[in-house]
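Counting from 1, the numbers follow the sequence of the chain as shown. As the structure is a prediction and not an experimental result, all values here were calculated from the model.
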Amino acid sequence: MRIIVADCSAEYSGRLNASLPLAKRVLLIKADNSLLIFSELGSYKPLNWMSAPCSIRDITPDHADDDVDTEVPQKVIRASADKSNDVLEVTLQHIYSDESYDLGEDPGLIKDGVEDHLQKYLAEQIERIGKGAKLVRREYPTAIGPVDIMAIDGNGEHVAIEIKRNGGIDGVEQLTRYCDLLNRDLLLAPRARHLRRADHHPAGPRARAGPRFQMPDSRL
């Protein structure tokens, strides 16, 4: 894991165009070369990112310096997607810290019994979400965390499923973030939609209004 703290700006080009103006931010570069850009405030969602598989290139311009007021940056990091023309280019005007750490092998997320069992049972009976549905995999990896279940429905659309014991608004927002990310991936076309399974809705009508499916526990 490489962690960089720097005054930086960023430009994303490809299937969509997006930019970040100059500000102090944190960059994470993982072992699989995925690149994520974070700010001090806000949620855990990155401001922008490039998911693996991709390649990372460090570029040191001629006459590079660390003065934020000059046009020449200290360094440029370019992340290029392997399967598309998407490019995320981060211009580092001043680097405060650039450190790498070996985090070792991660044992993975251990879910509590109820959610893990529901995930397992639904994966084994995936047609409960609709006739003709097929399982892609459990714990489908994304740049912002694993989706509990990824499936394909009878119409050939990808369906992201998140299982929660309590169906609060956080779960709805989490699924929305997953779908925003997944819908940028042409390999998942047509567009991904999402389902949510929850036993309780303590956050009230706003949480209940999110897309969900109901699966009678007595039939599991």
Closest non-hydrogen atom pair, M150 against L135: O-CD1, 3.8 Å
Parallel, tilted or perpendicular: which fits the ring planes of Y121 and H117, with parallel below 30° and perpendicular above 60°? tilted
How close do L92 and P73 get, counting heavy atoms only, and between which atoms? O-CB, 3.5 Å
Are I56 and M50 connected into the same hydrophobic cluster when the rule is that any two of I, L, V, M, F, W, Y join if their side-chain heavy atoms are below 4.5 Å apart? yes
May I have the step-by-step check of side chain to side chain contact (heavy atoms under 4.5 Å, CB included) for S9 and L20, ending in yes or no? CA-CA 5 Å; S9 59; L20 290 172; 5.7 Å; no
To the nearest 0.5 angstrom, please state how far the CD atom of E89 sits from the CZ atom of R57. 9.5 Å
For the hydrophobic clusters of this structure (ILVMFWY residues joined by side-chain heavy atoms under 4.5 Å, transitively), does one cluster hold both L28 and Y101? yes
d(N33 CG, S51 OG) to nearest 0.5 Å is 12.0 Å
Are L118 and I161 connected, step by step, through hydrophobic side chains (Ile, Leu, Val, Met, Phe, Trp, Tyr) whose heavy atoms are closer than 4.5 Å? yes
If we ignore hydrogens and angles and just use 3.5 Å, is the side chain of R25 paired with the main-chain N or O of C8 as donor and acceptor? yes
Heavy atoms only: give me the nearest A64-V72 pair and the separation to one decimal. CA-CG1, 3.7 Å
Any side-chain heavy atom of V76 within less than 4.5 Å of one from V90? no
Looking at Q74 and I95, would you say the former's side chain and the latter's main chain have a donor-acceptor pair under 3.5 Å? yes
State yes or no: do I77 and V5 share one hydrophobic cluster built from I, L, V, M, F, W and Y residues joined by side-chain heavy-atom distances below 4.5 Å, directly or via other members? no
Roughly how far, to the nearest 0.5 Å, is the CD1 atom of I149 from the NZ atom of K120? 11.5 Å
So I3 and V26, side chain to side chain contact (heavy atoms under 4.5 Å, CB included) or not? Walk me through it. CA-CA 7 Å; I3 304 175; V26 175; 4.1 Å; yes
How long is the span from the CD atom in E71 to the NE2 atom in H63, to the nearest 0.5 Å? 13.5 Å
Between N17 and G14 the two heavy atoms that sit nearest each other are OD1-N, 3.7 Å
Is any side-chain heavy atom of R15 closer than 4.5 Å to a side-chain heavy atom of S84? yes
Is there a side-chain contact between S55 and S80 (heavy atoms, below 4.5 Å)? yes
Should I59 and K75 count as side-chain neighbours, where that means a heavy-atom distance under 4.5 Å? no
A quick test of your reading: do over 12 heavy atoms of other residues, nucleotides or ligands sit less than 6.0 Å from CD of E124? yes
Which atoms form the tightest heavy-atom contact between A133 and I126, and what is the distance? O-CG2, 3.5 Å
Does either side chain, that of D148 or that of Y140, offer a donor lying less than 3.5 Å from an acceptor on the other one? no
Heavy atoms, side chains only, cut-off 4.5 Å: are V136 and I152 in contact? yes
Donor-acceptor pair, distance only, cut-off 3.5 Å: does the side chain of D106 make one with the backbone of G108? yes
Atom pair NZ/CG of K131 and N155 - distance to nearest 0.5 Å: 12.5 Å
Got a second to check how far H158's NE2 is from K134's NZ, nearest 0.5 Å? 11.5 Å
Provide the closest heavy-atom pair for L47 versus F38 in the form atom of the first, atom of the second, distance. CD1-C, 4.2 Å
Regarding Y12 and D86, is there a side-chain donor-to-acceptor distance under 3.5 Å anywhere? yes
Can you find a pair of side-chain heavy atoms, one from E99 and one from R2, that are under 4.5 Å apart? no
Indicate, with yes or no, if I29 and L36 share a hydrophobic cluster defined by side-chain heavy-atom contacts under 4.5 Å among Ile, Leu, Val, Met, Phe, Trp and Tyr. no
